[in-house]
Structure formats: structure tokens, C-alpha cells
2 protein chains.
Amino acid sequence: MYESRIRMPALHDKVMSAADAALLIEDGMTVGMSGFTRAGEAKAVPLALVERAREQPLKISLLTGASLGNDLDKHLTEAGVLARRMPFQVDATLRKAINQGEVMFIDQHLSDTVEQMRNHQLKLPDIAVIEAVAITEEGHIVPTTSVGNSASFAIFAKQVVVEINLAHNPNLEGLHDIYIPTYRPTRTPIPLVSPGQRMGSTAIPIDPAKIAAIVITNQPDSYSTVTPPDAETQGIADHLIAFFEKEVEAGRLPKNLGPLQAGIGSIANAVMCGFINSSFEDLVMYSEVLQDCTFELIDAGKMTLASGCSITLSGRCNERVFGNLEKYKDKLVMRTQEMSNHPEIVRRLGIIGINTALEFDIYGNVNSTHVGGTKMMNGIGGSGDFARNANLAIFVTKSIAKGGAISSVVPMVSHVDHTEHDVDILVTEQGLADLRGLAPRERARVVIDNCVHPDYRDALNDYFERACAKGGHTPHLLREAVEWHLNLEEFGHMRAAG
Amino acid sequence: MYESRIRMPALHDKVMSAADAALLIEDGMTVGMSGFTRAGEAKAVPLALVERAREQPLKISLLTGASLGNDLDKHLTEAGVLARRMPFQVDATLRKAINQGEVMFIDQHLSDTVEQMRNHQLKLPDIAVIEAVAITEEGHIVPTTSVGNSASFAIFAKQVVVEINLAHNPNLEGLHDIYIPTYRPTRTPIPLVSPGQRMGSTAIPIDPAKIAAIVITNQPDSYSTVTPPDAETQGIADHLIAFFEKEVEAGRLPKNLGPLQAGIGSIANAVMCGFINSSFEDLVMYSEVLQDCTFELIDAGKMTLASGCSITLSGRCNERVFGNLEKYKDKLVMRTQEMSNHPEIVRRLGIIGINTALEFDIYGNVNSTHVGGTKMMNGIGGSGDFARNANLAIFVTKSIAKGGAISSVVPMVSHVDHTEHDVDILVTEQGLADLRGLAPRERARVVIDNCVHPDYRDALNDYFERACAKGGHTPHLLREAVEWHLNLEEFGHMRAAG
């Protein structure tokens with residue numbers, strides 16, 4: 001059955017059970033696994049490790065591309081396997097352990113992790129566990145629905161475990177483009193000059209002698225949990241489309257806007273869906289994750305090409321895409337996350353980056369990660385890779401949360417992931433603030449006038465006016481600014497004491 | 001006299017007084033001027049504008065490379081000429097006007113300004129005023145001691161005023177390398193693969209018909225105000241050198257460390273001077289400003305090459321370098337600030353970036369700009385261009401300021417310019433904190449143990465322990481964290497109420 005998936009016959013005798021393969025992972029090891037936004041994660045070996053840890057406790061440092069599906073981070077956390085975790089996660093159980101200081105979580109720009117390894121600033125993985133659709137005649141690994149950090153993990157690791165997942169369409173082979181930068185000081189420019197360009201190989205080139213185990217699995221990826229657009233996300237999309245139309249008219253953007261990036265999640269997905277009924281044509285994505293919206297835009301004839309490092313779809317969209325892959329194949333490229341998010345490429349191509357903010361402040365600083373300045377939500381992900389070097393760095397969020405207890409626009413964010421230097425456009429369902437070329441006091445004016453929910457507008461105007469009276473380039477009343485966050489924590493409402 | 005400096009005879013009749021040239025600048029215009037860290041600024045036309053504004057008030061948006069010498073920002077501010085100013089400044093009078101909200105200051109990554117112009121996200125200059133040592137036979141402009149943003153300003157502006165400054169050594173010609181990226185979507189990789197590589201022309205290529213006026217001046221640049229190393233800066237240098245030696249021994253850095261960048265100012269200059277008595281050889285700089293230390297390292301036989309976008313020297317060093325330029329010429333390249341600071345190049349070359357922090361917090365977030373979270377000091381400058389993409393992002397500062405009233409290490413910085421994602425190493429005279437691969441709680445431990453002044457160590461330990469007890473990925477007690485900054489403002493000492 002699986003022989004056609006393992007095309008190097010010498011490797012057939014490496015096939016073993018997940019439990020046996022998991023024995024290669026020892027206490028204290030650094031383990032690099034495939035998986036990015038619930039797509040293409042190794043599925044059997046981590047669970048076997050969880051089983052084993054119940055009998056024989058062990059702890060590892062786990063590195064992945066981004067988040068894992070199939071509740072793996074939950075199971076690994078509950079089994080006490082995770083000493084350290086990087087560079088991203090979205091699991092509720094793991095999140096709790098991180099916030100209790102039980103798991104050391106290193107929140108990184110997603111293009112950075114393997115670069116830091118390459119320079120030996122992060123420990124190299126002892127072992128890599130990579131999901132694949134096939135192993136080639138040369139013993140090279142063909143990834144599945146994500147590339148993430150899998151290529152560099154496999155290249156750096158002393159041993160590699162491959163999970164051949166029969167549930168994936170073997171026709172995924174050919175989609176991937178594996179390009180690895182050379183070492184400094186003789187590193188050359190990344191040759192990519194257009195979003196669809198291929199630069200590398202379709203499989204991860206490693207010495208097959210490093211393949212220590214092959215495990216056969218047959219389990220689909222978890223579906224994405226993206227929710228359909230609602231009135232607020234439609235409002236955000238409408239403001240953005242109107243803005244883009246104006247920019248094209250003014251000659252500041254090309255007719256197809258240039259390459260688009262959209263962050264993971266429901267809001268960014270809904271915003272991208274907004275293009276379906278727009279007048280824009282020939283759209284192109286150069287993004288991290290390809291979500292439902294990508295394929296809806298392709299199906300609607302609006303998008304001609306999409307490059308990403310993972311494909312994460314809802315149940316509704318999954319069969320439509322993976323069951324008809326040949327229909328999409330010439331319009332897709334799947335890259336390493338180092339390349340999908342690389343600052344060099346983002347700046348060269350002039351990407352429009354659309355990412356979700358947890359909150360932003362009146363001066364345009366963005367918090368993507370920390371609730372109340374202390375509790376990690378998920379991680380910065382690729383938002384910084386894109387925002388810093390984008391042609392337009394756009395952050396979107398609904399103006400209020402928790403039924404109005406939270407204003408997403410605050411005097412001063414409780415944690416900064418993106419400084420005002422890196423934020424061009426802010427959008428809520430209330431409107432759009434164009435911050436380009438503005439000084440802080442001017443930024444505050446357009447943010448308050450355009451993005452704030454009416455319930456909070458007076459309070460923010462009042463804050464801003466009194467702060468300006470006190471003075472400063474970026475006027476603030478520090479004590480009062482933090483009370484917004486403390487009120488929420490202490491009284492369940494930002495304006496409880498207001 | 002000046003005919004040899006204006007080698008296109010047709011331009012000789014453009015020579016006029018500064019007052020006449022200044023008449024080309026009209027109220028409301030956007031003006032791009034040369035000048036970067038007190039080097040190579042246009043000197044006569046801005047002063048003529050100041051004179052004129054006394055009689056006939058006018059306001060302009062002034063863009064430069066970075067800071068200006070000869071008190072120009074002071075005079076322009078006092079004359080009320082500045083409506084808007086970007087992307088950097090260091091003048092006390094202008095600073096006051098910025099903090100009072102009288103001048104709108106846009107604080108930018110220094111590699112970003114002309115890119116935003118190229119994409120029409122910032123208004124293009126109506127007129128450029130560029131200091132030059134010569135105009136070539138083709139009518140192209142040879143800059144002086146800085147390139148900064150001069151090339152793109154001259155290319156974008158409708159009219160160009162050239163100040164030929166006879167005080168500069170004409171032998172500066174040949175030092176510059178003017179490379180302008182092509183427009184998207186057909187932009188190609190920046191070809192630079194080694195710090196000394198030349199990619200462009202030695203003069204700024206513009207249509208000479210745009211040269212509307214030429215003014216002859218004879219006034220030197222202001223000397224740099226860099227102060228000699230002291231015990232604390234020597235301590236910082238010693239910690240860094242010891243760290244670099246360890247990194248080389250561990251194989252994480254090459255023997256010559258790779259290209260070095262050092263921020264403007266006394267601390268970074270002193271740190272670089274620390275290399276003179278080190279064991280390191282064949283050092284190379286790929287930096288923004290070349291200060292005294294660069295030439296002391298070259299003279300000491302320690303440095304083989306330095307690339308920057310300006311040369312700013314103390315009185316002591318000035319004649320030694322500019323009076324003997326031929327001695328240094330083959331070891332120097334002067335680039336546009338877009339190229340000296342370009343993220344693509346910084347990441348490709350693997351630069352070690354050493355920049356000065358105003359303050360940093362126990363989790364490694366850095367404030368480079370705002371005193372007490374509100375008052376602008378100078379600006380972010382190039383620190384973000386380098387820190388984000390550096391091989392090693394290092395920030396240095398003395399552990400205390402104002403005789404101990406201020407701890408440079410605080411629970412939470414009052415303003416974030418560099419997030420913990422972008423900060424690898426922190427150094428004070430107390431010691432060095434290596435934050436690579438650490439989670440926030442681990443970062444706090446090494447920052448407090450290594451960088452904090454003994455007078456503040458107990459207070460920070462106490463804060464951190466109580467914050468951890470409360471929980472969170474990045475534990476904080478927000479109300480207490482801001483009190484450090486408010487105490488300073490209200491009582492003149494961070495621990496006044498402690």
C-alpha cells in the first residue's frame with residue numbers, strides 16, 4: 001500500500017509503529033516538528049510520545065512552524081511533555097500553562113526561527129518529525145499541507161522521523177518550493193522577483209541515511225475554525241475596499257493592488273472575502289496561510305495566484321480544494337515560512353499586509369499578543385515579518401469586544417508588538433484611519449475620529465485633550481492610561497471606574 | 001574659483017546668492033535637504049530662509065537624512081519655518097517645539113522615508129537643497145560628507161538647489177556609491193553581497209535642467225559632540241568584547257565577527273573604541289554613521305573597511321581624516337541611507353547592530369526615544385532598521401542616569417521602539433544579558449542579574465517576584481510599573497515613593 005509513497009526502496013525497512021519511532025525522542029531533546037496553523041503536523045508520533053510520558057515522564061523543547069491541529073498541543077501539555085515551546089501556538093490548554101509559567105514559550109517572528117538556528121543562536125533540533133505525502137527516489141521528503149519550518153528542521157536534525165499520511169492527496173507533490181538560503185558570509189540575494197516564481201526543489205533534500213523511522217498514518221488535518229463574515233467584519237472589508245479603490249485612483253497602488261497577505265483567523269479571512277464582490281481583478285496573494293478566502297477568490301475568477309507556507313481550510317472548503325487539487329495546482333506555490341515571510345521579499349514585492357490586532361492605541365501602536373499586558377493569547381506569528389516591510393501595513397479589529405466591555409482602541413496598549421513606526425492603516429467596522437506621514441497628535445485625531453466605537457469616543461477624546469494639555473510628542477497620562485486595562489481586570493469593564 | 005567644482009559650463013549661470021536661491025522655496029512647500037548626523041547639510045539656503053522668514057513668515061515641511069549641524073534646526077525653529085519635520089533630529093530647541101506640539105515631527109525608520117516617497121505615501125519634495133563638492137560634466141551632483149536621502153530627494157524634486165561647499169576636500173569625489181532601487185513590480189534584488197561592494201554611481205544622476213540654483217559656500221560641518229570613553233562605557237565595551245570572544249570560540253561568530261554597525265553617540269563610539277585593544281582583526285563596518293572610532297580602528301590596523309551614509313567626526317579627528325583622505329579612501333564607501341540601513345542587506349550580511357537604549361525593561365523591550373513615555377528625545381533613527389534584521393541586535397546603556405535618580409532598567413518601558421522579539425543582547429556597565437532563545441520570565445532573570453545597578457536590584461527583584469505570583473506569560477503589575485516613570489516626573493527620582 002505505502003510502497004508507492006516511499007519511492008526509495010532501501011527505506012522500506014524503516015517503517016515502524018509510532019510508539020517505536022517515538023522511542024527515538026529522549027528526555028531533554030529539542031524536537032522540530034512539521035505543522036503550521038493546524039495543517040500538516042506530524043500526527044502519530046506526538047501522540048505516542050504523550051502515551052509514553054504517562055508511564056515514563058519526559059520533557060522536550062518542541063519547535064514547529066506555527067500552531068498544531070488535532071489538539072496535539074493540548075495533549076502534549078496535559079502529559080507534561082513540553083518544557084519549552086516555540087515559535088507560536090493557539091491551544092487553550094497550552095496557553096494556560098504558558099501563562100502560569102509552566103511552559104517556557106518563546107514568541108518569535110515566524111521568519112526568524114530557522115535563521116537563528118542556522119547561526120547557532122537557537123539549539124539545533126536533535127530530531128525532526130515531518131509529515132509527508134511521499135519520500136522520493138532520492139530519499140527526499142515531500143511535505144503535505146504545510147511547509148513551515150519542516151525543511152530546515154530536517155536539514156539541521158541528526159535524525160528524521162517521517163510520517164507518511166495516506167489521508168493527504170498524493171497530488172500535493174509538486175506544489176512545494178523548498179529554497180534554503182546559503183550561509184553567511186557568502187549568502188546571495190534571494191532570487192524571487194515575482195510571487196509565483198519557483199526557486200528551489202519540490203522536496204526537502206536531506207541525506208536519506210538520516211531517516212531513522214517512517215510511520216504510516218491516515219488522519220486528516222483539523223479543519224480551520226474560521227467563522228463566516230458578520231456585520232462587523234463586512235464593515236471592515238467595505239472600508240478597506242473603498243480605501244483600495246481610492247488608492248488605485250490616486251495612482252498609489254497598481255490596479256491589482258500588488259501581492260496581498262492576510263493573517264490567520266476569521267477577521268482577516270472575512271476581509272479577504274470582501275474582494276469577491278469588489279471590482280478588483282487579477283489579485284495575487286503572497287501570504288503565510290492560505291485560508292478559505294483564497295480559494296473562494298480563485299473560484300470567483302478574482303485571484304490568479306497564491307503563494308503561502310500552509311493551506312488551512314474549513315470543513316466546507318476542504319473537499320472542494322483537496323478533492324480537486326489539479327484545478328488549483330498551477331495557481332499555488334507552497335514555500336518555507338522563512339521565504340513566505342522573508343523581510344527581503346516582503347519589501348521587494350511591496351506586499352499589502354492585513355493582520356488582526358488584539359488592540360491598538362490612539363497613536364497607532366498595536367498589541368497582537370498580550371491580554372492586559374501580561375497574558376499571552378497566541379503569539380506574534382508573521383504579523384511583524386509583514387508589517388515592518390510591507391508596502392502598506394494594515395491592522396484590523398472590531399472596535400469593541402465582550403459586548404462592549406472592551407474597547408479595542410485604548411489610550412495606550414498594554415503591550416506593544418508593532419510600534420507606530422510600522423503601522424500605516426488601522427480599520428474597525430467604524431472606519432479607517434490612514435496614518436501615513438502623520439505625527440502622533442495627528443494620528444490620535446484620525447484614529448479617534450474614524451476607528452473608535454461611539455461608546456468610547458468621548459472618553460478617548462477627553463483623554464487625548466487632557467494629555468495634550470500636559471504636553472509631549474506623544475501625549476499621555478500614564479496613570480490613567482493603565483487604568484483602562486486594570487478596570488477590565490478588576491471590574492470586568494474598561495470604563496467601570498470612569 | 002568654483003568653475004572646477006561646476007564641471008558643466010552651462011550651469012555656471014545658475015550661481016546666485018543664498019538669498020536668491022531661497023526665494024525658490026515658497027510657503028507650504030515640502031523641502032528635502034541633505035544632511036545626516038551633522039554632516040553634509042546644506043548650510044546657506046536654510047539660513048537665508050530663516051532671514052527671509054523674519055520679514056515674511058513662511059512654513060515648510062522639512063525632510064533631511066537625519067540631524068543637521070550648525071544649529072540649523074534651532075534657527076529654523078526659532079524663525080517659525082518648520083510646520084513638519086522628518087525623519088530625525090537632535091536639536092534642543094526643535095525638541096522643545098516638538099514636545100509642545102508646535103512642530104509636527106514624524107519619527108521614522110531611516111531606511112523608510114524615500115521608499116514611502118517612491119510609493120507616493122509621503123508627499124514628494126517640491127524642491128531639494130543638496131550640499132555638494134562638485135557638479136560633474138553630466139550635471140550630476142557629488143555629495144559631501146553624507147549621502148543620507150539626498151539622492152532620492154534630488155531625483156524626486158521638481159527643482160534642485162546645489163550648495164557647492166568649498167570647505168570640503170574635493171577628493172571626497174569617488175567615495176560615494178549611489179544605488180537607487182527600481183520601481184515595483186519589477187524591482188530586482190539589491191546586488192550587494194559584501195560590505196565594500198559598489199553598485200551604483202559616484203554622483204547623483206539627475207537631469208541638470210532641474211538645477212535651478214547653485215550657491216557657493218565655504219563653511220565646515222559641525223564637529224561631532226561625542227565624548228571620550230569613561231569608566232562605564234569602558235565597562236560596557238569590556239563586557240561586549242568578552243562576549244564576542246566567547247561567541248567566536250563557540251563557532252557562532254566568524255573570527256572578524258562579521259559586519260558591525262554602531263549607532264550615533266558617545267556610548268556606541270566608546271564601545272567600538274574598545275576593539276582597539278582587543279584581539280580582533282580585520283574588522284569591517286556596515287553602518288549608518290562613521291564616527292571617530294571607525295578611523296581609530298583603521299589607524300590601529302584593526303579595521304579594513306567601513307561603509308556608511310555619513311562621516312561625523314570630532315574636532316580632534318576631523319583634520320586627521322579629511323586632511324588625509326587619500327589614506328582612507330580605498331577603505332571607505334558612502335551609500336544612501338536607504339542602502340546603509342536596508343533590511344534586505346542587514347539580514348543578508350548578518351550585521352551585528354550595536355545601538356543605544358534610553359531605557360529597557362526586564363523583558364527586553366527597548367525605549368530609544370521617549371522620556372517618560374511622552375517627551376521625544378531625538379528619534380528612532382536607524383536602530384530599528386538594524387535591530388530587526390541583525391544577526392545580533394545589541395542595545396547598550398549605562399545602568400543609571402542623573403546620579404542614580406533614573407534606573408535605565410525598569411519593570412516596563414514607558415514607550416516601546418524595539419519589542420522583545422527584536423532584542424538579543426542587553427549590556428550595561430554592570431554586565432551583559434544574553435536573551436537569545438529565552439522566554440520572558442527567563443529574560444527577566446538574566447536582565448536583573450546582569451544589567452541592573454545594585455541600587456535598583458532589590459526593587460526589580462521584588463517587582464518581578466510579585467508579578468510572577470500574579471501570573472501571565474509576561475508578568476506585570478501595571479499600576480506599579482508606571483509609578484517608576486511617574487515618580488521620576490513628580491518627585492525627580494524613580495524610587496521616591498518606593
Q. Does the pair B:R118/B:D112 count as a salt bridge with the N-to-O cut at 4.0 Å?
A.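 Judged by the 4.0 Å cut-off on N to carboxylate O distance, B:R118 and B:D112 do not form a salt bridge.
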Q. Aromatic rings B:F105 and A:H473: how do their planes relate, parallel, tilted or perpendicular, breaks at 30° and 60°?
A.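 Tilted.
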Is [X] in contact with chain A via its backbone, its side chain, both, or neither, using a 4.5 Å heavy-atom distance?
X      : answer
B:R441 : side chain
B:Q100 : backbone
B:K96  : neither
B:I98  : both

Most contacts with chain B, counted as non-hydrogen pairs under 4.5 angstrom, among [options]:
options                        : answer
A:D434, A:T113, A:D417         : A:D417
A:H109, A:R388, A:Q108         : A:R388
A:L349, A:I380, A:L122, A:T188 : A:I380
A:L392, A:N389, A:N391         : A:N391
A:A481, A:P475, A:G101         : A:G101

Interface residue of largest heavy-atom contact number with chain A, from [options], under 4.5 Å:
options                        : value
B:R348, B:H476, B:H415, B:E442 : B:R348
B:M412, B:R479, B:E489         : B:R479
B:P440, B:S61, B:S111          : B:S111

Q) Counting a contact as any heavy-atom pair under 4.5 Å apart, which residues of residues 250-257 of chain A contact chain B? A)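 Heavy-atom contacts from residues 250-257 of chain A to chain B are A:R252.
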Q) How would you list, in number order, the residues of residues 83-91 of chain A that have a heavy atom less than 4.5 Å from chain B? A)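 Checking residues 83-91 of chain A against chain B gives A:R84.
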(Q) The criterion is ring pair (Phe, Tyr, Trp, His ring centres under 6.0 Å); which residues satisfy it with A:H342, sequence neighbours excluded? (A)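 Expected list: none.
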Q. Which pairs with one or both residues in residues 184-196 of chain A pass salt bridge (charged side-chain N to carboxylate O under 4.0 Å, His left out), sequence neighbours excluded?
A.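 Applying salt bridge (charged side-chain N to carboxylate O under 4.0 Å, His left out) to every pair that reaches into residues 184-196 of chain A, excluding sequence neighbours, yields A:E115-A:R184, A:E115-A:R187.
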